[in-house]
Each structure stands twice: as C-alpha cells, then as structure tokens.
**Student:** 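Handing you a structure now.
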Number of protein chains: 2
Amino acid sequence: MAARRRAVVRSAAPDVKPGRIRQAQESTILEAAEKVFARAGFAGASMSELALAAGLPKSTLHYYFGTKEALHRAVLANILELWLEGIEAIQPDAEPREALTRYIHHKMRLTAERPDASRVFANELLHGAPQIGDILRGEMRSLVRRKARVIEGWIRAGRMAPVDPLHLFFSLWAMTQTYADFEAQITAVLGTQLGPRAMHRAGSHVESFVLRACGLLEQAERGQ
Amino acid sequence: MAARRRAVVRSAAPDVKPGRIRQAQESTILEAAEKVFARAGFAGASMSELALAAGLPKSTLHYYFGTKEALHRAVLANILELWLEGIEAIQPDAEPREALTRYIHHKMRLTAERPDASRVFANELLHGAPQIGDILRGEMRSLVRRKARVIEGWIRAGRMAPVDPLHLFFSLWAMTQTYADFEAQITAVLGTQLGPRAMHRAGSHVESFVLRACGLLEQAERGQ
DNA sequence: GTCTATAAGTTGATAGAC
DNA sequence: GTCTATCAACTTATAGAC
C-alpha cells in the first residue's frame with residue numbers, strides 16, 4: 001500500500017529523496033554480488049545465483065545494472081576505492097617506521113574485514129584485469145609512483161634501508177592479501193580457521209618482517 | 001597410412017610401447033589446458049576452447065579425461081608436484097642464508113618460467129581449493145610443518161632472527177607468486193612488460209628483502 | 001582411436017503483464 | 001518499479017559412423 005502510494009506520488013512530484021529506493025536496492029545487490037563473485041569468480045557466478053543471493057528476481061538485477069559485466073564492474077569500482085585509501089599514510093615528513101606500520105595495519109584490517117572484496121579484486125587481476133586495466137594504468141599507476149618517490153626520498157636521506165620502492169609495494173600487497181585470497185592454503189597448513197587471533201598473529205608477523213627488511217627495527221627489538 | 005598400419009599392428013600385438021599415443025595426446029591436451037585455464041579460470045574455460053587450443057575435437061578431450069573437472073584436476077596434479085619441489089633446500093644442517101636463497105630463486109624461476117601454472121593454482125586456491133583441498137590438508141601440510149621445524153631449529157640455535165616459520169612460508173610464497181598471479185597489476189604500475197630483466201630485478205629484491213627480514217644480511221651488505 | 005552430429009541442460013538477457 | 005515466462009545461444013557430454 002505504502003509502496004503504491006509512493007509510486008503515484010513520485011510520478012507526480014517526488015517529495016521523498018529521488019532514487020532512494022534505487023540506492024537501497026543497488027546496495028543490496030552489490031553486497032550480495034561481492035560475496036557470490038568472491039566465491040565463484042566472474043564466469044562461475046550465474047545471474048540466477050546472484051539474484052538468489054540478493055533475494056530478488058533475476059530481471060530486477062538486469063533492470064538496475066543492465067548486464068552481468070556492468071554489475072561486476074560496479075562491484076570492482078567499490079573495491080578499488082578501498083584499495084587506494086590507506087596509502088596516504090606515506091608522506092615525505094612522516095616517520096618511515098610509523099607510516100609503514102600504519103599502512104600495513106590498514107591493509108591487514110581490510111584483508112580481515114573484507115576478504116571477499118580482496119578475492120573479487122584478485123580474481124580480476126588473475127585474469128588480466130579486463131575490466132579495470134585502464135584504471136590500474138592510469139590513476140593507480142600515478143598514485144603508486146608518487147608514493148614510491150616519497151620512499152626514495154626516505155632512502156636517500158638515510159632514514160631506511162635501500163629497498164626498491166615499487167617492489168616494496170608489490171611485496172607488501174602480496175603478503176597482506178594472501179591471508180584473504182589464498183585462505184584455503186593457509187588454513188590447510190595452519191590446521192585452524194583464520195579467526196581474529198590468527199589474523200592478529202599474521203599482522204604482527206608482516207609488520208616485523210617488513211620493518212626488519214627496511215632496516216627499521218633495531219637489533220634489540222628483533223627478539224620481540 | 002602409417003597411422004593406419006600402427007593401429008592394425010597394435011590391435012593384434014603391440015610391439016610399440018603401449019600407451020605411447022595416449023601419453024603424447026594427454027601431454028598435448030594438458031599443456032594447452034594449462035594455458036586456457038590460466039587465462040579464463042575453471043568456469044570461464046569451455047571445452048570447445050580447450051579443444052581448439054589443443055588442436056583436437058572436443059570429444060577427444062572427453063575420451064581421454066572424461067569430464068572437464070577431471071581434466072582440470074589433472075592439470076592441478078601436474079602443478080602440485082612443481083610446487084612442493086624446491087622446499088627440500090631447507091635442511092637442518094644447511095646454511096640458512098644459502099638454503100633460503102636457493103628456495104627463493106627456485107620459486108622465482110618457477111614463477112618466471114611457468115606463470116600459467118602459478119595462475120591455475122592461484123585460481124584454485126582463490127575459490128577455496130575444491131579440487132585439491134585434501135592434498136593441501138594432507139601431504140602439503142605435513143611437508144610444510146616439517147620444514148617449519150627445521151627453521152625453528154635454526155632460530156633456537158641463533159642462526160637467524162626469530163621469524164614465525166609458517167608465516168615466513170606464506171610471505172615467501174605470496175611475494176614470489178605475485179609476479180605471475182597479479183602480473184596485470186605489476187605491469188600496470190611498472191609501465192613495462194615483465195621481461196627477463198624485470199624478473200631478475202624482482203628476484204634480487206625478494207632475496208635481499210627476505211634475507212634482511214631474517215637477519216641474514218650484514219649491515220655492510222645492505223647497500224648492494 | 002577419432003570425429004561428426006546431437007542430446008539435454010543451463011546461461012544471459014528481454015518482453016510484457018501487473 | 002517488479003516479476004513471470006520465455007528466448008536464442010551456448011554449455012557439457014555422449015552416441016555411433018568411420
């Protein structure tokens with residue numbers, strides 16, 4: 001009843017915020033889609049499965065996003081934002097040790113809290129980034145290279161060991177994301193699920209591993 | 001003509017090594033399948049595509065492997081062997097620095113020479129290891145834990161910094177495989193293809209990064 | 001052993017009633 | 001805006017001629 005009235009009102013003069021329903025529906029669909037795409041990949045997820053997960057009929061998904069590919073792109077766009085976020089900790093006048101520690105923990109938190117996002121992103125990269133290649137070669141490339149120059153500055157100033165900055169990023173991303181992307185392998189080897197305790201241990205490992213590799217942990221601290 | 005004669009001979013009394021044709025055909029199919037599965041994933045690869053890549057009709061693939069899933073399992077089995085190979089460098093009486101260096105370069109060589117194998121493996125892990133989960137929780141788990149105890153021994157003997165051995169493996173695998181699995185991201189950031197020169201640079205980075213993190217590089221060597 | 005032809009089912013997408 | 005019913009295309013797998 002309420003829905004009917006609203007529809008009538010909107011077609012005449014929308015007194016409720018326009019697109020409110022659309023926004024809510026799209027969020028529902030995107031949230032469900034992230035889960036399904038993470039588990040099955042783009043090709044392995046069917047529109048029926050995506051619709052079932054969202055609790056809506058298939059055609060409603062087509063109504064909002066047009067094609068399966070467009071829905072996938074929308075999921076990826078959401079994720080890319082998260083991705084390029086924490087890197088801002090790396091600033092010329094920041095303390096290298098503190099900046100790297102913050103960035104690592106940002107990445108580890110993301111991995112722990114949004115593992116499905118990580119997996120959707122990994123799947124896209126694994127298959128050659130057909131949907132987001134342009135963004136990677138554009139925005140992302142320039143952002144990362146700008147941050148690499150900051151690290152180069154730290155090295156020239158003798159504030160950390162000489163580590164190739166771009167490869168430092170590659171290693172950092174790989175070490176953190178592996179706990180989401182390859183969780184199956186890690187739980188198999190550990191023999192336990194990746195709960196909060198295991199993820200905390202993983203975070204400590206990555207932090208001290210990277211800091212030591214960058215010459216940012218004193219001898220005395222090595223035994224921690 | 002030769003093929004016809006061979007067929008007649010075999011049906012009577014096979015004087016040629018039996019299964020020779022089978023072996024050759026299976027190799028052809030497996031090699032092509034690794035490439036196709038790497039690019040498209042399991043769900044994204046169709047039998048027609050796999051057949052086209054192998055230069056054979058679809059039904060021949062079914063004749064040799066039965067189902068698409070069985071073919072995929074066969075590809076994975078080939079890869080798992082490669083995977084568990086180089087870890088034998090880690091022996092109690094080996095020099096930690098030399099052993100780790102050898103293992104890293106083994107992994108990097110594999111990544112450079114068989115990127116498609118790495119990608120098929122990554123795709124399987126990414127989707128929860130439905131086909132090889134048993135092997136991971138069995139053979140692989142016990143092998144890796146055995147090697148972790150070797151590293152624990154090195155640490156107790158003060159021969160390297162105290163690094164969690166299992167997490168050391170996770171980091172090592174992630175840092176090396178990222179150059180195959182997420183090549184799209186890496187080439188986007190580098191702005192160049194991953195040729196032999198770039199892979200050599202990557203190998204040097206991973207080696208010094210890990211050795212420094214394990215306290216196996218002297219101060220004087222840091223500037224290399 | 002090899003391949004053409006086809007069966008049986010699933011897919012992404014849409015038309016059209018409500 | 002929503003959903004049922006349906007389409008054409010494509011999927012894996014197999015039967016059966018050669």
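Computation of the quantities below employed the complete heavy-atom set of this structure, encompassing side-chain atoms and omitting hydrogens, waters and symmetry-equivalent molecules. Order of the sequence lines fixes the chain letters, A, B, ..., with proteins taken first and strands second; residue numbering starts at 1 for each chain.
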**Student:** Looking at A/R102 and A/E207, does any basic side-chain N land under 4.0 Å from a carboxylate oxygen?
**Tutor:**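 No, no charged N to carboxylate O under 4.0 Å.
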**Student:** Tell me, do B/D181 and B/T111 make a side-chain contact under 4.5 Å, heavy atoms counted?
**Tutor:** no
**Student:** What's the closest nucleotide to the B/R22 side chain, out of D/dT6, C/dC3, C/dG1?
**Tutor:** C/dG1
**Student:** Atom NZ of A/K58 and atom P of D/dT6: how far apart are they, to the nearest Å?
**Tutor:**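 A/K58 atom NZ is separated from D/dT6 atom P by 13 Å.
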**Student:** According to the interplanar angle, ranging from 0 to 90°, do the rings of A/H72 and A/F37 count as parallel (below 30°), tilted (30 to 60°) or perpendicular (above 60°)?
**Tutor:** perpendicular
**Student:** Test for a donor-acceptor pair under 3.5 Å between the base of C/dT4 and the side chain of B/S59, counting only N and O atoms.
**Tutor:** yes
**Student:** Regarding B/R39 and B/E49, does a basic nitrogen lie under 4.0 Å from an acidic carboxylate oxygen?
**Tutor:**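 A salt bridge links B/R39 with B/E49.
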**Student:** Take atom CD1 of A/I29 and atom C1' of D/dG1, then tell me their distance rounded to the nearest Å.
**Tutor:** 12 Å
**Student:** Please report, rounded to the nearest Å, how far the P atom of D/dG1 is from the CZ atom of A/R20.
**Tutor:**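 Going from CZ in A/R20 over to P in D/dG1 covers 11 Å.
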**Student:** What contact category does B/A70 fall into here, base, sugar-phosphate, or nothing, at under 4.0 angstrom with non-hydrogen atoms?
**Tutor:** nothing
**Student:** Base, sugar-phosphate or nothing for A/A51? Non-hydrogen atoms, less than 4.0 Å.
**Tutor:** nothing
**Student:** From C-beta outward on A/Y63, which listed nucleotide comes closest to its side chain: D/dG1, D/dA13, C/dT2?
**Tutor:**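 Of D/dG1, D/dA13, C/dT2, D/dG1 is nearest to the side chain of A/Y63.
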**Student:** For A/E69 and C/dA13, give me the distance from atom CD to atom C1', rounded to whole Å.
**Tutor:**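 Taking atom C1' of C/dA13 as the reference, CD of A/E69 is at 14 Å.
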**Student:** Out of C/dT2, C/dA13, D/dA13, which nucleotide sits closest to the side chain of A/H62?
**Tutor:** C/dA13
**Student:** So if I take every side-chain heavy atom of A/S46 and compare against C/dG12, C/dC3, D/dT12, which nucleotide ends up nearest?
**Tutor:**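 Looking only at heavy atoms from C-beta outward on A/S46, the closest nucleotide is C/dG12.
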**Student:** What integer distance in Å separates B/Q23:CD from C/dG1:P?
**Tutor:** 11 Å
**Student:** Does D/dT2 have OP1 or OP2 sitting under 4.0 Å from an N or O in the side chain of A/Y64?
**Tutor:** yes
**Student:** Could you state the atom-to-atom distance from CE of A/M47 to P of C/dT10 in whole Å?
**Tutor:** 18 Å
**Student:** Looking at C/dT14, C/dC3, D/dT12, which one has an atom nearest to any side-chain atom of B/S48?
**Tutor:** D/dT12
**Student:** Whole angstrom is fine here: how far is it from NZ in A/K68 over to P in C/dA13?
**Tutor:**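 Nearest whole value for this atom pair: 8 Å.
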**Student:** Tell me the interatomic distance from A/L52, atom CG, to C/dT10, atom P, rounded to whole angstroms.
**Tutor:**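 One finds 15 Å between P of C/dT10 and CG of A/L52, rounded.
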**Student:** If you only use heavy atoms from C-beta on, which nucleotide in C/dG1, D/dC3, D/dT12 is closest to the side chain of A/P57?
**Tutor:**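 Within the option list, the nearest is D/dC3.
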**Student:** So B/W83 and B/F121, would you call those rings parallel, tilted or perpendicular, with 30° and 60° as cut-offs?
**Tutor:** tilted
